Amino acid sequence: MAKLWGGRFQKETDRLVDDFHSSISFDCRLYRYDIAGSAAHARMLARVGIITPPEAEAIVNGLRDILEDIEAGRAEFSISAEDIHMNVEQMLIERVGEVGKKLHTARSRNDQVALDVRMYLRDEIDATVNLLEELTGTLLDLAEQHTGTVMPGYTHLQRAQPVTLAHHLLAYCQMFGRDMERLRDCRKRVNVMPLGAGALAGTTFPLDRDFVARELGFDGVTENSLDAVSDRDFAVEFCAAAALIMMHLSRFCEEIILWSTAEFGFIELDDAYSTGSSMMPQKKNPDVAELIRGKSGRVYGDLAALLTMLKGLPLAYNKDMQEDKEALFDAVDTVQKCLRAFRPLVATMRVKEKNMARAARGGFTNATDLADYLVQKSVPFRQAHEIVGRAVAYCLEQGKSLEELNLEEYRQFSPAIEEDVYPAIDIARCVEERAVTGGPAPAAVKQTINSTRDKLR
Ligand code: ARG
C-alpha cells in the first residue's frame, strides 16, 4: 500500500522497518478519539471556509461509518499505514474518495496524537476516579460495621496501641481520597486542546481552535505550539498518581496477606477470592492480594519508562514519544484491573473480631494508658514509663497481661495504683478515650465516616 507520506520517497519502506516503527498494534485503542477529533476538525475547517460544508459532511459521515465498522469488528488495520491516525485517514479516502484527502489540512499527526491521548486519558481518569469512589464506599460500609472492633495498632509491626478496624480502614480511605484529588487535578492539565499546533509551528490557516475545543469538551487550548506537540507531562502525572494508588493498594494487600495467616488470624478470605495449591491440599492462598502487590512494580516501571523516554528529547516532537502509549496504557489497565479485583476481595473477607480483640488485649497495647493513668496520679511521665516497663517485664515473666495483675502485684511497682486502674486500662475504654479529631474513638471515627461520605457525594 502506498504511504500517505510517500511523495518524496523512491523506495518502499523495508518490511522490518514497517513492523518496527508501526504503532497500530497498540494505538488502535485510540480509534474513537481519533475519529471524534477528526470529525470536529473537519467541521471546523468548513466553519472557517477551508473546505465546503458538503465536503465536511462527506468526511464526517465517512468517519461515522468507519467508527461503526471498527466497533463491529469489520475494519482491518494495516501495519503499513503505521498508526491509528493514518489508518483512519486511509480508510476514509477509500470510502469517500478525493474529499477524504482534505481532512488532514492544517493538521499534523503530532498535534493529532497529542489530542487523542489527552481525550483517552481524560476518560480513563474519570473511570479510575469512579473505581476509587466505589472502593471508598465499600470501605466506609465495612468501617461502619466495625467502629467497635478493637484490634492492635502497630508500629515496627509490633503491637503498639489499640485501635479499631474501622479506624484502620479509614486510614486507607484518606489515601484513596488523596489519590482521587490527584487524578482530578491532573485532569485539569490533560483537558487542554492541542490541535492547531500542527507539526510544531502552528499553521497559516485561520483555524478556530476554540470551536474544536468546545466541540470536544476541552476547557481551553494550548498556548505554545512547540510545547503542545512535545508535552507529555500529563501522562507522567497520571502514571505518578497511578503509582501512588498501586503503592496504597500494595500496602493494604500486604496487610490482608498478613492478617489471613494462621499467625495473625484476623480475617479469612472468601473462597471466591483465594486460590489453592496444586500440591498442598490444606492451602488457601491470598493470590489476588499478592498479585496486586506484585503489579505495583509494573506501574512504577511505566512511570520510570516515561520519565526516561522524555528526559533527553530536544523540542519538539521526536519519534521516541510514540513509546509513551504502551507505558500509559499499561498503567491505566493495571491500576483499573487491580482496583476492580481489590474491592470484592475486601468486601467479602470475613473479619475475626475475637482474634483481633485477643491480640489487642494480650499485647500490652494498653501500656501507654497505664502510664497515662499514673500521670493523672501525679507521677511524672518519664517515671511512669519506667514503672510500666517494669510491670510489663513482670507480666512477661508470669505469662499475664496487664489487666490480669491484682492490686497487690501492682503495688510492688507503684503505690499510686489503685482499684480504678482496671477501668483505665480496659482496652475498649482505651480506644474510646482517644477521642481527639482523627483518633480511633468510635465517636470520632463515625464523624470521619460521615464527612468522607459527604465528600464522595
Ligand atoms: N504514531 C505516532 C506517535 O504515536 C504519531 C505521531 C507521528 N509523527 C511523526 N512525525 N512521525 O507518536
Side-chain angles (χ1 to χ4, degrees), residues 1-9 11-38 41 63 66 70 75 77-93 103-124 190 192-203 222 224-236 238-239 302 305-333:
M1 176 91 59
K3 293 276 195 280
L4 288 177
W5 42 251
R8 64 100 70 211
F9 289 78
K11 272 191 181 175
E12 297 247 306
T13 322
D14 189 283
R15 260 197 36 223
L16 201 91
V17 172
D18 259 347
D19 195 48
F20 182 64
H21 85 153
S22 158
S23 54
I24 187 64
S25 64
F26 50 88
D27 66 15
C28 56
R29 85 154 76 180
L30 298 173
Y31 71 86
R32 236 178 311 130
Y33 306 106
D34 197 77
I35 289 172
S38 286
H41 181 67
L63 288 168
I66 293 169
I70 295 177
F77 295 120
S78 106
I79 282 190
S80 79
E82 256 179 72
D83 53 27
I84 186 61
H85 325 296
M86 292 201 296
N87 266 275
V88 170
E89 191 181 339
Q90 201 159 63
M91 287 179 201
L92 181 72
I93 294 166
L103 170 63
H104 209 53
T105 313
R107 190 177 67 171
S108 156
R109 278 183 295 150
N110 297 352
D111 53 356
Q112 194 179 354
V113 71
L115 178 84
D116 294 7
V117 175
R118 283 170 183 272
M119 288 174 71
Y120 159 80
L121 190 54
R122 189 171 69 178
D123 279 357
E124 298 303 346
V190 170
V192 189
M193 208 288 297
L195 278 193
L200 73 162
T203 170
T222 56
N224 179 289
S225 63
L226 292 169
D227 179 52
V229 292
S230 62
D231 168 30
R232 295 292 182 276
D233 299 9
F234 62 88
V236 174
F238 175 82
C239 285
D302 295 328
L306 282 189
L307 286 168
T308 312
M309 178 274 284
L310 288 166
K311 79 176 267 284
L313 298 187
L315 299 185
Y317 179 84
N318 299 267
K319 184 76 169 195
D320 315 45
M321 293 166 75
Q322 179 166 290
E323 287 290 307
D324 62 355
K325 278 170 275 309
E326 281 164 296
L328 182 63
F329 296 166
D330 184 67
V332 166
D333 292 347

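All ligand and atom numbering here is 1-based and tracks the order in the structure. Computed from a predicted model, the values in this text were never measured in an experiment. Position 1 is the first residue of the sequence, and the numbers go up from there.
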Any protein N or O within less than 3.5 Å of an N or O in ligand 1? List each pair with its distance, or say none.
from     : atom 1 : to     : atom 2 : distance (Å)
ligand 1 : 1 (N)  : Ser23  : OG     : 3.3
ligand 1 : 1 (N)  : Asp83  : OD2    : 3.0
ligand 1 : 1 (N)  : Gln322 : OE1    : 2.9
ligand 1 : 4 (O)  : Lys325 : NZ     : 2.6
ligand 1 : 8 (N)  : Asn110 : OD1    : 2.8
ligand 1 : 10 (N) : Asn110 : OD1    : 3.2
ligand 1 : 12 (O) : Tyr317 : OH     : 2.4

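- Between Ser80 and Lys3 the shortest heavy-atom distance is O-NZ, 3.4 Å.
- Here the rule is side-chain contact (heavy atoms from CB on, under 4.5 Å) with Ile84, and of Asp27, Ile35, Val113 only Asp27 fits it.
- With no hydrogens or angles considered, no side-chain donor-acceptor pair links Tyr317 and Arg109 at under 3.5 Å.
- His41 approaches Thr105 most closely through the heavy-atom pair NE2-O, 2.8 Å.
- Salt bridge Asp320/Arg232: absent, no basic N to carboxylate O contact under 4.0 Å.
- Ion pairing of Asp83 with Lys325 is absent here, as no side-chain N (NZ or NE/NH1/NH2) approaches a carboxylate O to less than 4.0 Å.
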